[in-house]
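Worksheet: one structure, shown below.
Please read these numbers as outputs of a predicted model, since none were measured by experiment.
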Amino acid sequence: MSTLILALAAGAVIGLALGALGGGGSVLAVPALIYLLDFSPASATTAALLIVTATSATALFAHARDGNVAWRTGALFAAAGVVPAFLAGAAAGHLPAAALTVAFSAVAALAAVRMLRPSRAEPPERIRPAKAAGAGAGLGAVTGFLGVGGGFLAVPALVGVLGLRMRQAVGTSLLVITVNSLAALSARAGTGGDLRWEVIAPFTGAAILGAWDGKRLASKITGQGLQRIFAFVLLGVAVFMLVDAAA
């Protein structure tokens, strides 16, 4: 299968994930770029951030039109995560690739397990700024460290920690992903290696189109259904990458 077809197919799947689930884009993009499109780990993480930033911004616009973005909560998350994302992104370049892969797999698996646990959280009447800022700072650090947008952690945090409903958490996470990805990209400037724009451009285009389809899909599936799909995708990716790292 040609590189162009692989890039278009992978981009469409990742766009669907971001549009429907509010995350999972870069956690899927990184292994797709490495194992399907022969990117180096350094190039893959930087390229994934570029792809996810553009796709998340597009999906954010679609969700915002339907009123599914908690702007105040998202802004607190995003602002608190900018500096940690930048610092962690700079530090990540000094660690072995195997260590980053194992950390990536462990965090994805933990997020999936949390999403599968029944949540009894009710939407709070008032968001506590300190709680939102603390969760956002931790999320930003993970985003910069692992080279991912952070939606696969933002959604569980927004649902389980701050009590947002699933659909609102999906839309709000896209704001957080966009800002955190931009911060992590600024820290990685000049360290991404060969970015191969002939692959990144069609990949991004397909992802943006897929995000619109994902947004429509999200309106037809229950919040609990979205949560379970999201969790099982994360578990699959985590197991695959952990096995590959151990091989």
Side-chain angles (χ1 to χ4, degrees), residues 6-7 9-11 13-18 20-52 55 81 84-85 88-119 135 138-157 159-161 173 176-177 180-181 184 187-188 191-193 199 203 207 226-247:
L6 284 172
V13 170
I14 286 158
L16 279 170
L18 277 167
L21 305 173
S26 50
V27 78
L28 298 175
V30 170
L33 289 164
I34 293 173
Y35 299 114
L36 295 180
L37 297 167
D38 297 322
F39 275 60
S40 69
S43 296
T45 53
T46 303
L49 287 169
L50 286 165
I51 293 163
V52 171
T55 310
H94 302 287
L95 295 175
L100 289 175
T101 300
V102 171
F104 187 101
S105 302
V107 170
L110 287 172
V113 170
R114 184 179 182 88
M115 291 294 285
L116 286 171
R117 290 170 52 193
S119 176
L139 178 66
V142 173
T143 297
F145 187 69
L146 298 181
V148 299
F152 69 108
L153 293 175
V155 172
V159 172
V161 177
S173 73
V176 180
I177 293 168
N180 282 351
S181 296
R188 290 165 178 263
T191 64
V199 175
F203 197 123
L226 283 172
Q227 205 163 320
R228 291 180 65 82
I229 292 169
F230 189 58
F232 284 122
V233 169
L234 287 180
L235 279 175
V237 170
V239 170
F240 175 81
M241 295 195 75
L242 194 59
V243 169
D244 182 73

Worksheet item: With a 4.5 Å heavy-atom cut-off, do Ile14 and Thr55 have their side chains touching?
Response: no
Worksheet item: What is the distance from atom CG of Asp38 to atom CG of Leu33, rounded to the nearest 0.5 Å?
Response: 10.5 Å
Item to complete: State, to 0.1 Å, how close Ala48 and Val30 come at their nearest heavy-atom pair, and which atoms those are.
Response: CB-CG2, 3.8 Å
Worksheet item: Once you round to the nearest 0.5 Å, how far does OG of Ser43 lie from CG of Leu37?
Response: 12.0 Å
Worksheet entry | Any donor-acceptor pair under 3.5 Å from Ser181 side chain to Ile177 backbone | yes
Worksheet, complete the sentence: Across all chains, not counting sequence neighbours, the side-chain contact (heavy atoms from CB on, under 4.5 Å) partners of Val13 are none
Worksheet entry | Val199/Phe39 under side-chain contact (heavy atoms from CB on, under 4.5 Å): CA gap, chis, key distance, verdict | CA-CA 10 Å; Val199 175; Phe39 275 60; 3.9 Å; yes
Worksheet item: For Phe203 and Leu6, what are the C-alpha separation, side-chain angles and deciding distance, and is it a side-chain contact (heavy atoms from CB on, under 4.5 Å)?
Response: CA-CA 9 Å; Phe203 197 123; Leu6 284 172; over 6 Å; no
Practice prompt. Starting at CG of Asn180, measure out to OG of Ser173 and round the result to the nearest 0.5 Å.
Written response: 11.0 Å
